[in-house]
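All figures in this text were calculated on a predicted structure; none of them were measured in a lab. Counting convention: from 1, in listed order, for ligands and their atoms alike.
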Amino acid sequence: MRKNIVAGNWKMNTTVPEGVKLASEVNAALEGITPKCDVVIGVPFTHLTAVKAVIGEKLGLSAENCADKAKGAYTGEVSAAMVASTGATYVILGHSERRQYYGETAATLKDKVALALENGLCPIFCIGEVLEERENGTYFDVIKAQIVESLFDLSAEDFGKIVLAYEPVWAIGTGKTATADQAQEIHAFIRGLIAEKYGNQVADDTTILYGGSCKPSNAKELFEKPDVDGGLIGGAALDAASFMGIVTAF
Ligand code: PEP
């Protein structure tokens, strides 16, 4: 059975004390409820250890990236092993902002996924088309290529350890959410690709999140779709009440 997950992506926001406060608020809100999904926060590298110290078992912790090399002379990089040593169990990989601003390619991401898995981290692997690709109708090909080139050399066992996040780039941080039907169309397409490659069982068990201006007011409609298994949440994850409004949409 696949998991439902709501995961926050704080991006480059909050200082360490601010992040510890926000994480403590989310943690406290979770204490009183039994959510119908797993809940994860993705925080900057600098915050991982301090945040881990103030959260309990109900809240998962994610990094927002990791290096494409295991260790060594790569000044400024943070390895998957370092991330895992903080107690984080997830890592967001291939976010469109990293592809767009930091030149991450399918090949780099393939290496990052392998290192994340070797170190016991669950990659939350992001895919999605830009507006031009949506408008010119090439978005199915774009999404297929992103998945095939970075993930389809994995064994079925390793593929089964990954979470996917469909994030149409035109919906990220723009306030313009994909409609629930648009999200469902792509999620079903992605699940079909996985079924063709790895079989129906792996496809059924894969968690596919939607990301892009998801908020408490639209989360329920998105999460009701059969192939939408939760959300990757940017802006709305920076406020504990809004984030919890999305968690409780399940
Ligand atoms: C994201 O960056 O992963 C994201 C979905 O951002 P937002 O929710 O702000 O659109």
Salt bridge check, [Y] against [X]: does any charged N sit closer than 4.0 Å to a carboxylate O?
X	Y	value
Lys161	Asp158	yes
Asp181	Lys225	yes
Lys11	Glu97	yes

**OP:** Give a yes/no on ligand 1: does Ser213 have at least one heavy atom closer than 4.0 angstrom to it?
**Re:** yes
Original post:
With a 4.0 Å cut-off on heavy atoms, does Lys215 reach ligand 1?
Top reply: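 Outside the 4.0 Å threshold, so no.
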Subject >> Proximity winner for atom 3 (O) of ligand 1, if only heavy atoms of Glu64, Glu167, Glu97 are counted >> reply: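 Closest candidate by heavy-atom distance is Glu167.
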Original post:
Considering only heavy atoms, which of Ala7, Gly234, Gly211, Ser96 lies nearest to atom 6 (O) of ligand 1?
Top reply: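 Considering heavy atoms of Ala7, Gly234, Gly211, Ser96, the nearest to atom 6 (O) of ligand 1 sits in Gly234.
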Atoms in ligand 1 flagged as close to [X], the criterion being non-hydrogen separation under 4.0 Å:
X	result
Asn9	1 (C), 2 (O), 3 (O)
Gly212	5 (C), 10 (O)
Leu232	3 (O), 5 (C)

Subject >> Part of Ala171 with heavy atoms under 4.0 Å of ligand 1, whether side chain, backbone, both or neither >> reply: backbone
Original post:
Residues two or more places apart in sequence or in another chain: which of them pass ring-ring contact (aromatic ring centres under 6.0 Å, His included) with Tyr74?
Top reply: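 Not a single residue meets the ring-ring contact (aromatic ring centres under 6.0 Å, His included) criterion with Tyr74.
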Protein contact of [atom] - nearest heavy atom, named by residue and atom, plus distance:
atom	result
atom 2 (O) of ligand 1	Lys11 NZ, 2.6 Å
atom 9 (O) of ligand 1	Gly235 N, 2.8 Å
atom 1 (C) of ligand 1	His95 NE2, 3.2 Å

Report all side-chain donor-acceptor pairs from residues 241-250 shorter than 3.5 Å, counting only partners two or more places apart or in another chain.
unit_1, atom_1, unit_2, atom_2, d
Ser242, OG, Asp239, OD2, 3.0
Thr248, OG1, Met244, O, 2.8
Thr248, OG1, Gly245, O, 3.4

Original post:
Are Phe152 and Tyr198 an aromatic pair by the rule of ring centers under 6.0 Å?
Top reply: yes
**OP:** Say whether Trp170 and Glu129, considering side chains only, have a donor N or O and an acceptor N or O under 3.5 Å apart.
**Re:**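 Note: Trp170 and Glu129 side chains meet the donor-acceptor criterion.
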Subject >> Gly173, any N or O under 3.5 Å of ligand 1 N or O >> reply: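 Among all N and O atoms of Gly173, at least one is under 3.5 Å from an N or O of ligand 1.
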Original post:
Any N or O of Thr174 that comes nearer than 3.5 Å to an N or O of ligand 1?
Top reply: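 Between Thr174 and ligand 1, no N or O pair is found under 3.5 Å apart.
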Original post:
Hey, is NZ on Lys215 packed in by over 12 heavy atoms from elsewhere, all under 6.0 Å?
Top reply: yes
Original post:
Quick check: are there more than 12 heavy atoms from other residues, nucleotides or ligands sitting under 6.0 Å from CD of Glu221?
Top reply: no
